[in-house]
Amino acid sequence: MKILRSKSLTSVAALASASVLWIGGAGAQDRGGLLIEEITVTAQKREESLKDVPVAVTAFSSEQLNKLGFNQSTDIIAQVPGLAVSAVSGSPSIVLFNIRGVNQNDFADHHESPIAIYEDEAYVASMTAAGFPLFDLDRVETLKGPQGTVFGRNATGGLIHFITQKPSTEEINGYGRFTYGSYDQIEVEGAVNLPMGDKAAVRVAGLIQNADGYYKNLLGPDRHEQDVMAVRGQFLFKPSEELQVILKGHYTENDNEKTGAYTQRPSAPTGEHGYGELIGPNDNPWGTCNGCDLLGYLRPSDDPLVNEYDFEGFLDRKIYGASANITLNKDNFSIVSLTDYRKSEKDYAEEGDSSPNPLLNFAGLANVETFSQELRANGETGNLRWLAGVNYLRIKGDYGSKVWDSSTFGGIAALDGLTFDTHSFWEHNKTAWAVFGQVEYDLTDQLTAVAGLRYTRDKVSHSWGNTVALDPFGYFAFPGAVTQFSGKSKDSLVDFKALLEYRPDDQWMLYAGVTQGSKGAGFNGSYQPDFADTIPFDREQLRNYEVGAKGSLFNGAAFLTGAMFYYDYKDYQAFVFDGLAQRVQNVDATIIGGEIELQAHPMKGLDLNFGVSFLFKAEAKNVLLPDGLFADQTLPIAPDVTLNALARYSWDVPFGVASVQVDGSYQDTVNYSIINHPSTVGDSYALVNARISLAGQDDTWEIAGFVRNLTDKRFLTFALDFSSFGFTQTQWGRPRWWGAEINYRF
């Protein structure tokens, strides 16, 4: 891995040097490039150029999202340095985002993520709702590091903000898009904006996504199919120049998708400290057969996307809600009221052991209802810019999970006909209110001081029960095998920001400062050991020391951003999985790293994008290992290096504009577990995508062809160690995917 990393970094340096030399020699022509276009963001709750924000931000405009082919919330990882994702089940059932090594990779549905997800300023509290289709967006902003002095919910590791296109009173407009691709992929997407005089407008957008499964099942229907429908409606009312009201309703449904499947990799707990290790083709630690699992099963193919499943997993999910955004703009200040309600209903089941043997299946349900109300004001007076807000959040959830053996207890003859079943049900309710604010004061024409403060009060109630049964029906519990727990917690959190930004000229901005983010205490759910003291866990707190720079090069032909950071992570809420027990426990951690991004438009028609992130250290301290000892461990889903690059060239043709685009990404080796089992290591990989298009001169129409994962790379996206049961669950990304699309704007 070190040799590969050395070669990768050498290539990065060569590419960066070549790009700079090319830009310097070519001069700046036609600076309206796709990637270097001026993007207005609201990372500090006011409209400003991305170049002027003293925060590490990666943003994509609507046009960039379309040209990059991003159609799921998880797709943005391909071009955001330091952002990783793990789709646990290969479906949007649970999506775990990771920024700079910070994440929450427990797949229990009731947890909040330290990476906050927002849609139109409204907080998406449930991780069951974090995976969703992208359509009719204005932009996406990814903010790195602790956030909370300007946003409604505190976030330890960062946030991702999806901003939709808003209704407009200017004119009738809209678009339509049709896509056909591999695995009978059919996508239909569109939106229309309808003015209603000069004071009101309506915008309606919708999407249908269908595709057959790309996980081949030799015993039945293929898995990981798509059957998604989404619709969004917004109503704009402007009774005056100062007052604006936007009402929004939205609905998304995954309709009984055949999913919930993994690829089994035979393993055994034979490593040091009881680590799980993969079983090689000539190994036989279980005494069954070479390369086989505990029950003597050998996979039918070396291709991880070809498997045999005896149980049909599925995902039924509905996400719906409504919001009201009321904005009053005065001469030197504005007031915003944001009210949001959303609910997610999920019913999910999966083939746990990924084999024809009825060893292990899993099912889960989650009904989560959230309500939030935010009142915020911001303004400007002379050298001072300020923001102050209050936020209320309520989360109510009912959850359940079940693990069972579908017909025989692990194939053990003496227990044949019995069914093993362990199931949990729990309620997890949270209320939180917060006050937050931030001020920016220009000390001189070049030097600005930024200070922010946040106080959050979290209250949590949790009641949980688990039953273990062994009988032909899976209902009658062992004596003493019913475990119950109920508890409450109250937590007061204080977060802050202190930063200096310096502008030596009108092209560059430098910043340095410290920020602190926190995430409140909570309770474990799902499967637990039979002692209550492992169910509660404490708050986590991350203090970030960061320096960064942003600036234009070569008279605006290129834009460079960079940051270095040191994370002092206290009581990190680490997810530990051992046997069937899953729990969060607190450990300290340290993360040191940085990232660089470069966008360039060196000559007419050519766009270049390059990004690199690196983690010099991402380590959790004194983690409890399977043998009862403690040791430092590498944080999960924390690659030492990520790379992304893009080159796009456009040229005029007699009836329009032709474009060719190639983009790619690289992720270094990761471990998907806080206990660094060798069985849960994901090897480094690189993905390459390509797109060719022809558009009209006025850009009203476009025809495009694309291929994603051009080299048909097999790459691991998740792993969970069940080595005590004889295998490791693994999840693999999409294979090569061809397609064509037609776009029309009016």
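Numbers for residues simply follow the sequence, beginning at 1. Below, all heavy atoms of this structure are taken into account, side chains as well, without hydrogens, waters or symmetry copies.
Geometrically, R100 does not engage Y567 in a cation-pi contact, judged by NZ or CZ lying under 6.0 Å from the ring centre and within 45° of the ring axis.
The ring of W732 has its center no closer than 6.0 angstrom to the ring center of Y215. Centroid-to-centroid, the aromatic rings of F722 and F577 come within less than 6.0 Å.
With 3.5 Å as the limit, one finds a donor-acceptor pair spanning the side chains of S267 and T728. A donor atom on one side chain and an acceptor atom on the other are found under 3.5 Å apart for N66 and R177. Judged purely by distance below 3.5 Å, without hydrogens or angles, the side chains of S684 and D668 never pair a donor atom with an acceptor atom. Between the side chains of R648 and S659, at least one donor N or O lies within less than 3.5 Å of an accepting N or O. Defined by atom type and a distance below 3.5 Å, a donor-acceptor pair is present between the side-chain atoms of S613 and T642. Between the side chains of S91 and S93, no donor N or O sits under 3.5 Å from an acceptor N or O. T680 and D721 share no side-chain donor-acceptor pair at under 3.5 Å.
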request  = Determine, stepwise, if the pair Q264 / N307 fulfils side chain to side chain donor-acceptor pair (under 3.5 Å).
outcome  = CA-CA 8 Å; Q264 185 203 92; N307 294 280; over 6 Å; no
message = Could you go through I675 and Y275, starting from their C-alpha distance and side-chain angles, then the distance that decides it, and tell me whether this counts as side chain to side chain contact (heavy atoms under 4.5 Å, CB included)?
response = CA-CA 8 Å; I675 298 176; Y275 287 145; 3.7 Å; yes
message = Go through it in stages, so that I can follow the logic: the residues are F178 and Y180, the test is ring-ring contact (aromatic ring centres under 6.0 Å, His included), and I'd like the CA-CA distance, side-chain angles, deciding distance and then a yes or no.
response = CA-CA 7 Å; F178 175 80; Y180 180 80; 7.4 Å; no
task = Before giving the answer on side chain to side chain contact (heavy atoms under 4.5 Å, CB included), spell out for S354 and T263 the whole-Å C-alpha distance, their side-chain angles and the decisive distance to 0.1 Å.
result = CA-CA 6 Å; S354 304; T263 298; 5.9 Å; no
request  = Go through K621 and T590 one step at a time and tell me if the side chain to side chain contact (heavy atoms under 4.5 Å, CB included) criterion holds.
outcome  = CA-CA 8 Å; K621 301 173 183 177; T590 301; 3.3 Å; yes
ask   = Could you go step by step and tell me if Y297 and F727 meet the ring-ring contact (aromatic ring centres under 6.0 Å, His included) rule?
value = CA-CA 10 Å; Y297 174 67; F727 65 93; over 10 Å; no
key: Derivation of the side chain to side chain contact (heavy atoms under 4.5 Å, CB included) call for V140 and F70   = CA-CA 11 Å; V140 177; F70 294 164; over 6 Å; no
Derivation and outcome, side chain to side chain donor-acceptor pair (under 3.5 Å), residues E225 and Y183 = CA-CA 9 Å; E225 68 175 13; Y183 299 88; over 6 Å; no
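In terms of modelled atom types and a separation under 3.5 Å, the side chain of N544 and the main chain of G145 share no donor-acceptor contact. Using a distance-only test at 3.5 Å, with no hydrogens or angles considered, no donor-acceptor pair links the side chain of Q633 to the main chain of A620. A donor-acceptor pair is defined here as one N or O able to donate and one able to accept, closer than 3.5 Å; no such pair exists between the side chain of N609 and the backbone of L646. No donor-acceptor pair closer than 3.5 Å links the side chain of R139 to the backbone N or O of L137. Although no hydrogens or angles enter the test, the distance criterion places no donor-acceptor pair under 3.5 Å between the side chain of D212 and the main chain of D184. Within the 3.5 Å criterion, the main-chain N or O of K67 finds a donor-acceptor partner in the side chain of Q661. Judged by distance alone, the side chain of D283 and the main-chain N or O of I279 form no donor-acceptor pair under 3.5 Å. Listed for the N71 side chain is no donor-acceptor partner under 3.5 Å among the backbone atoms of F135. Between the side chain of Q599 and the backbone N or O of A557 there is no donor-acceptor pair closer than 3.5 Å.
Atom OG in S62 sits 11.5 Å away from atom CD1 in I163 (nearest 0.5 Å). In this structure, F715 CZ and Q667 CD are separated by 9.5 Å, a value rounded to the nearest 0.5 Å. Separating the CG atom in L96 from the CG atom in N103 is a distance of 7.0 Å, to the nearest 0.5 Å. Considering CD of E189 and CG of N743, their distance stands at 8.5 Å, rounded to 0.5 Å. Interatomic distance, I637 CD1 to Q104 CD, rounded to the nearest 0.5 Å: 10.0 Å. In this structure, L687 CG and N709 CG are separated by 5.0 Å, a value rounded to the nearest 0.5 Å.
Taking the six-membered ring where tryptophan is involved, the planes of H224 and Y214 are tilted, since the angle between them lies from 30° to 60°. F616 and F614 have tilted rings, their planes meeting at an angle from 30° to 60° on a 0 to 90° scale. Classification of the F107-F718 ring pair by plane angle, with boundaries at 30° and 60°, yields perpendicular.
Looking at every heavy atom in both residues, L68 comes nearest to Q79 through CD2-CG, 4.2 Å. Among all heavy-atom pairs drawn from L606 and H601, the shortest one is O-ND1, 2.7 Å. Closest approach of F97 and S73 over heavy atoms only: CZ-O, 3.8 Å. Of all heavy-atom pairs spanning T717 and S86, the tightest one is O-OG, 3.1 Å. G352 and Q729 make their closest contact through O-NE2, 3.0 Å (heavy atoms, listed as atom of the first residue, atom of the second, distance). Minimum interatomic distance between A719 and S679 (heavy atoms only, all atoms of both residues): CB-O, 4.5 Å.
The shortest side-chain heavy-atom distance between Q731 and V88 does not fall under the 4.5 Å cut-off. Put simply, the side chain of Y348 does not reach to within 4.5 Å of the side chain of T128, judged on heavy atoms. Side chains of L635 and I674 form a contact here, defined as non-hydrogen atoms less than 4.5 Å apart. Between W651 and V660 there is a side-chain heavy-atom pair separated by less than 4.5 Å. With contacts defined as side-chain heavy-atom distances shorter than 4.5 Å, the pair W737/Q185 qualifies. At least one side-chain heavy atom of S89 sits less than 4.5 Å from a side-chain heavy atom of Y262. Counting only heavy atoms from C-beta outward, the side chains of V662 and V688 approach each other to under 4.5 Å. The closest side-chain heavy-atom distance from K550 to V53 is below 4.5 Å.
No more than 12 heavy atoms of other residues, nucleotides or ligands lie within 6.0 Å of CH2 in W738, so this atom counts as exposed by the packing criterion. The environment of D712 atom CG is dense: over 12 non-hydrogen atoms of other residues, nucleotides or ligands sit within 6.0 angstrom.
The residues E741 and R691 are annotated as salt-bridged, a charged nitrogen and a carboxylate oxygen being separated by less than 4.0 angstrom.
Residues forming a salt bridge (charged side-chain N to carboxylate O under 4.0 Å, His left out) with D353 (at least two apart in sequence, or on another chain): none.
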